[in-house]
Each structure stands twice: as structure tokens, then as C-alpha cells.
Amino acid sequence: MGVLTKSLPEMRVVVFDGFAPDPEWKAIQKMETWLQRHGETIGPHRVFGHNIDEEGRLAFEAANVGYRTMVTVPEAALPFDDETTVATIGAGTFVVTGIEGSFEEDPSGSWVTAGWQRLNEMVKRNDLGVHPSRRWFEEMLDPVEPGNTRFDLYIELA
């Protein structure tokens, strides 16, 4: 799959954090539980995620202690009548590549790491400036192959 540039608009999101062990799965499980209660209210949505440190700040280590999932929500659905945490993802321009693989076949997720390496190499090779915010996202998408997991990987450009 090729690499392209995408602009993301400002988006309101609901935030779910998970921490080690298995931070990604904990965050996703919280999100899925929330979506069971609120999915009809928010309608079609996008799901983004990124690594966080123990204090909830964006982190860049592959062996992360935390993970945050974020579900887009329309303004019309706000506010929620529970303790839902709502935040804003600011608009930006990103270099993006798509990846797909199987955690069942590769529990280490080396195909995800390889995707991030490929994207970073593309940024360097094309002398693209990375935004000082260093915002990196994984957008969760429907897989092409049954049983796989699919992501678009995003790095914000300056």
C-alpha cells in the first residue's frame, strides 16, 4: 500500500485509556462497552488510538505502558449523561500509510512496527517536516481479510 497525505478536520472524541499489561486491549474493551450504550446516539464514527505514558501523555515507545482510543462523536450528541471524557483532536495535515495483519498469527505485532518504520523512512526520504507536536495516530479500520486487523498510520506534518 502506498503513502499519502491527508488533512484531518478538528474532531470531538470520547477518550478511553488502558494501561499495562495489555493496554491496547484494555482501552479497546472500555471503548466497546461504551459503544454498546451510546453507539446508536453517535451513529457512524471513526476510531483513533495512540500510545500514552503513565500520566496519559502522548508517548512514542513501542513497548508502551498505556494506550488511548478515541471515538469521534457529533456535537449534537453532547453532552453525555455519564462520566464520559470528551476531548478535541485538533485539525492537521498528516502523512498516512495503511497496514493490515493478524495478531493471532503474529502476537508481537511486528507488522505494526514495520508499518511505522516504513512511514518514518518515507518521511525522511522525502525530507518532510514532522510537526513539533509529534502527533502520531492509528486509525482502526475494517480489515480486508477476515480475522485481520487494519490501521491507517498517521504522522502530523509541519
Side-chain angles (χ1 to χ4, degrees), residues 1 6 8-92 94-120 130-131 133-156:
M1 194 174 281
K6 286 186 183 179
L8 290 179
E10 181 176 281
M11 296 177 280
R12 297 289 278 176
V13 294
V14 176
V15 176
F16 307 92
D17 293 346
F19 293 94
D22 302 320
E24 292 89 350
W25 305 121
K26 286 180 181 172
I28 289 168
Q29 185 176 39
K30 288 179 184 178
M31 174 193 71
E32 288 175 348
T33 298
W34 186 88
L35 282 170
Q36 288 174 357
R37 291 192 317 261
H38 299 286
E40 287 184 28
T41 303
I42 67 168
H45 56 276
R46 297 171 78 178
V47 177
F48 294 87
H50 62 78
N51 292 353
I52 56 175
D53 66 16
E54 55 278 334
E55 295 176 16
R57 295 179 301 230
L58 188 61
F60 303 97
E61 296 76 29
N64 57 310
V65 298
Y67 194 79
R68 173 169 291 160
T69 57
M70 300 168 289
V71 176
T72 60
V73 295
E75 288 292 328
L78 300 172
F80 295 98
D81 61 356
D82 54 15
E83 295 182 18
T84 297
T85 301
V86 179
T88 300
I89 296 176
F94 297 80
V95 62
V96 180
T97 193
I99 61 170
E100 182 166 335
S102 169
F103 285 111
E104 186 173 309
E105 293 175 18
D106 178 8
S108 72
S110 64
W111 55 276
V112 177
T113 303
W116 280 113
Q117 289 170 342
R118 185 176 77 235
L119 188 56
N120 276 292
V130 175
H131 195 279
S133 69
R134 295 183 63 205
R135 291 193 303 167
W136 298 16
F137 297 120
E138 298 169 338
E139 182 174 12
M140 299 169 195
L141 303 168
D142 292 331
V144 174
E145 295 292 324
N148 278 356
T149 300
R150 181 173 155 221
F151 298 109
D152 273 353
L153 307 179
Y154 290 74
I155 295 178
E156 188 171 20

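None of these values were measured; they are calculated from a predicted model. Residue numbers count from 1 along this sequence.
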_Distance-minimising heavy-atom pair for Pro23 and Tyr67_ = CB-N, 3.7 Å
*Shortest non-hydrogen separation from Gly115 to Ile99 and the atoms involved*: CA-CG2, 3.7 Å
*Kindly check if the number of other-residue, nucleotide or ligand heavy atoms within 6.0 Å of CD (Glu54) is above 12?*
yes
*Phe94/Trp136 aromatic ring centres below 6.0 Å*: no
_Rounded at 0.5 Å granularity, tell me how far CH2 in Trp34 sits from CD in Glu83._
14.0 Å
*asked:* Could you check whether any side-chain N or O of Arg68 sits under 3.5 Å from a backbone N or O of Asp17, counting only pairs where one atom can act as donor and the other as acceptor?
replied: no
*Should Phe16 and Leu35 be marked as a side-chain contact (heavy atoms from CB on, under 4.5 Å) after you check the CA-CA gap, both sets of side-chain angles, and the distance that decides it?*
CA-CA 11 Å; Phe16 307 92; Leu35 282 170; over 6 Å; no
*If you take all heavy atoms of Glu10 and Ala91, which pair is closest and at what distance?*
N-CB, 3.6 Å
*Yes or no on side-chain contact (heavy atoms from CB on, under 4.5 Å) for Leu8 and Ile89, after CA distance, side-chain angles and deciding distance?*
CA-CA 9 Å; Leu8 290 179; Ile89 296 176; 5.5 Å; no
*asked:* Using 0.5 Å steps for rounding, measure from the CD1 atom of Ile155 to the CZ atom of Arg134.
replied: 9.5 Å
*asked:* Would the distance check show the side chain of Glu156 and the main-chain N or O of Ser133 forming a donor-acceptor pair, the cut-off being under 3.5 Å?
replied: no
*Pair Asp53 + Arg57, salt bridge at N-O below 4.0 Å*: yes
_Nearest 0.5 Å, please: how far is OG1 in Thr97 from CG in Asp152?_
7.5 Å
*Ignoring hydrogens and angles, tell me if any N or O in the side chain of Arg46 forms a donor-acceptor pair with the backbone of Met11 under 3.5 Å.*
no
_Inter-residue atom distance Thr149.OG1 - Met140.CE, 0.5 Å rounding_ = 9.0 Å
_Non-hydrogen atoms of Gly147 and Ser102 that approach each other most closely_ = O-OG, 4.3 Å
*Should the heavy atoms of other residues, nucleotides or ligands under 6.0 Å from CG of Asp82 be counted, would the total exceed 12?*
yes
*What is the ring orientation for Trp111 with Phe151, classed by angle as parallel under 30°, tilted 30 to 60°, or perpendicular over 60°?*
parallel
*Hey, mind stepping through Arg150 and Glu145 against side-chain contact (heavy atoms from CB on, under 4.5 Å) and telling me if it holds?*
CA-CA 9 Å; Arg150 181 173 155 221; Glu145 295 292 324; over 6 Å; no
*Asn120 side chain to Trp116 backbone, donor-acceptor under 3.5 Å*: yes
*Report the residue from Lys30, Arg37, Met31 that forms a side chain to side chain contact (heavy atoms under 4.5 Å, CB included) with Thr33.*
Arg37
_If I compare all heavy atoms of Phe103 with all of Gly109, which pair ends up nearest, and what's the gap?_
CE2-CA, 3.8 Å
*Rounded to the nearest 0.5 Å, how far apart are CG of Leu153 and CG of Leu119?*
6.0 Å
*Under the criterion side chain to side chain contact (heavy atoms under 4.5 Å, CB included), which of Val14, Thr72, Val13, Val73 is the partner of His45?*
Thr72
